[in-house]
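The structure under discussion appears below in the form of structure tokens.
Remember, it's 1-based here, ligands and their atoms both numbered in the order they're listed. Remember, predicted model here, so these are calculated numbers, not experimental data.
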Amino acid sequence: MKLATRIIHAGAEPDPSTGAIMTPVYQTSTYVQAAPGQNKGYEYARSQNPTRTALEKALAVLENAKFGLSFSSGVAATDAVLKLLAPGDEVIASNDLYGGSYRLFSKIFQKFGIKFHYIKMQDASHVGDYINENTKLIWLETPTNPLMNITDIEAVAAIAKPRNILVCVDNTFASPYLQNPIDLGADIALHSATKYLGGHSDVIHGCLMLNDADLREKLYFIQKSCGAVPGPQDCFLVHRGIKTLHVRMQRHCENGERVAHFLRNHQKVEEVYWCGFDDHPNYDIAKKQMRGFGGMMSFTLKDDSKEAAYKVLSSTRVFALAESLGGVESLINHPASMTHASIPREERIKNGLSDSLIRLSVGIEDADDLIEDLNQAIG
Ligand SMILES: Cc1ncc(COP(=O)(O)O)c(C=O)c1O
């Protein structure tokens, strides 16, 4: 079956007790047993919940994976992957990554003796320079948040595989509709399902998709032991969101393309970062590993001051000034003071994330209205 059909039907068996077409929100903490140890596959809701099981089946289908694991947030999913490691282990991560992942790595896991190398991954061959016998994990985002840099997933996986190093790709920005890291050789695809998977800005959720049964058991054990489990209502909302992922993503891509070209032609705009431009430094790789370029982009103004950026950020009427991305509504964001505020300024500037950079999550409204809104805000 084709993706659109699989997305809608994945994990959606009629409810066995009523025939309900949507898996109900099983709002329960425990399950009655016929005799000690005799249960229907569910014992306690930190370990299992039928609403979560239905979602996890759908998540696996989205990434062509065998297993899906759903978590209380994207950060909780990231945390579980990092807990596979032990003191002395080393991680290679892209230097342009979500600020919350950087915060988790540098402020939490570093103090438990895990070493991180933040490197430029636009040229995958650099990765090999940082590998040693302690390297256990390569962490990458592509496209990156917020500079839309592209890393060649297949090339990184080819370097990692012979050395038994895990590759985890944060696939939040692309969504599984545009890119499938496991098909390209990665071991784990991670999503902040808060974003495109949920799609309606009404839930915080995260997930991991993977093929290896042992790895799945280890991650499930970490989740059960540490408790970062999602509630059933949140699982229901993400599962509902997934069913329209393909139609939403088509519109995000169309609108993204129009807005990116509009910005590039605007006389007050200096630089537009969007991986669909054919002169993007890694356009060929983006084209090879993605099926479209999405609605995420960022830009700087010719007047490269914080004040000029703030003026634009507070003048839009359709774009809402808010953190997050991937919802049906368009959002505008200032990475330096919002999503990436946890990265020290020198580190930020060094990695090209200037004070005046503005990030857009282009939604699925009418593109004419979005362009008109940006036009009046940029002035
Ligand atoms: C690329 C990326 N990864 C992970 C996360 C963390 O996800 P959550 O906010 O669901 O914990 C975010 C959140 O903004 C993100 O943008």
Out of all atoms in ligand 1, which are within 4.0 Å of some heavy atom of [X]? Include the element for each.
| X | answer |
| --- | --- |
| G74 | 7 (O), 8 (P), 10 (O), 11 (O) |
| H205 | 10 (O) |
| N145 | 16 (O) |

Between [Y] and [X], do the side chains contain a donor N or O and an acceptor N or O under 3.5 Å apart?
| X | Y | answer |
| --- | --- | --- |
| Y42 | T53 | yes |
| T5 | K2 | no |
| S17 | D15 | yes |

_Can you confirm, on distance only, whether ligand 1 has an N/O atom lying under 3.5 Å from any N/O atom belonging to S192?_
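Such a contact does occur with ligand 1.
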*asked:* If you measure every N or O of T194 against every N or O of ligand 1, does any of those distances drop under 3.5 Å?
replied: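 Between T194 and ligand 1, an N or O pair is found under 3.5 Å apart.
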*Closest approach of any protein heavy atom to atom 2 (C) of ligand 1, naming residue and atom*: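 Atom 2 (C) of ligand 1 sits closest to the protein heavy atom D170 OD2, 3.4 Å.
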_Heavy-atom nearest neighbour in the protein, as seen from atom 6 (C) of ligand 1, with distance rounded to 0.1 Å_ =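 Of every protein heavy atom, Y98 CE2, 3.4 Å lies nearest to atom 6 (C) of ligand 1.
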*D234 side chain vs V203 backbone, donor-acceptor pair below 3.5 Å*: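 The answer is no, because no donor-acceptor pair under 3.5 Å joins these two groups.
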*Considering only heavy atoms, does V75 approach ligand 1 within less than 4.0 Å through its side chain, its backbone, both, or neither?*
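Both backbone and side chain.
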*Which bit of E323 is near ligand 1, meaning a heavy atom under 4.0 Å away: side chain, backbone, both or neither?*
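For E323, there is no contact with ligand 1 at all, from either part.
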*Does atom NZ of K136 have more than 12 heavy-atom neighbours from other groups under 6.0 Å away?*
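Enclosed.
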*For a side chain to side chain contact (heavy atoms under 4.5 Å, CB included) with L140, tell me which candidate from D170, V167, N171 qualifies.*
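Going through D170, V167, N171 one by one, the side chain to side chain contact (heavy atoms under 4.5 Å, CB included) with L140 is satisfied by V167 alone.
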*asked:* Going by side chain to side chain contact (heavy atoms under 4.5 Å, CB included), P335 matches just one of S298, S354, P146. Which one?
replied: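 So, applying the side chain to side chain contact (heavy atoms under 4.5 Å, CB included) to P335 and each of S298, S354, P146, only P146 qualifies.
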*Take every heavy atom of K195, measure it against each atom of ligand 1, and state whether any distance is under 4.0 Å.*
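In this structure, K195 qualifies as a contact of ligand 1 - some heavy atom is under 4.0 Å.
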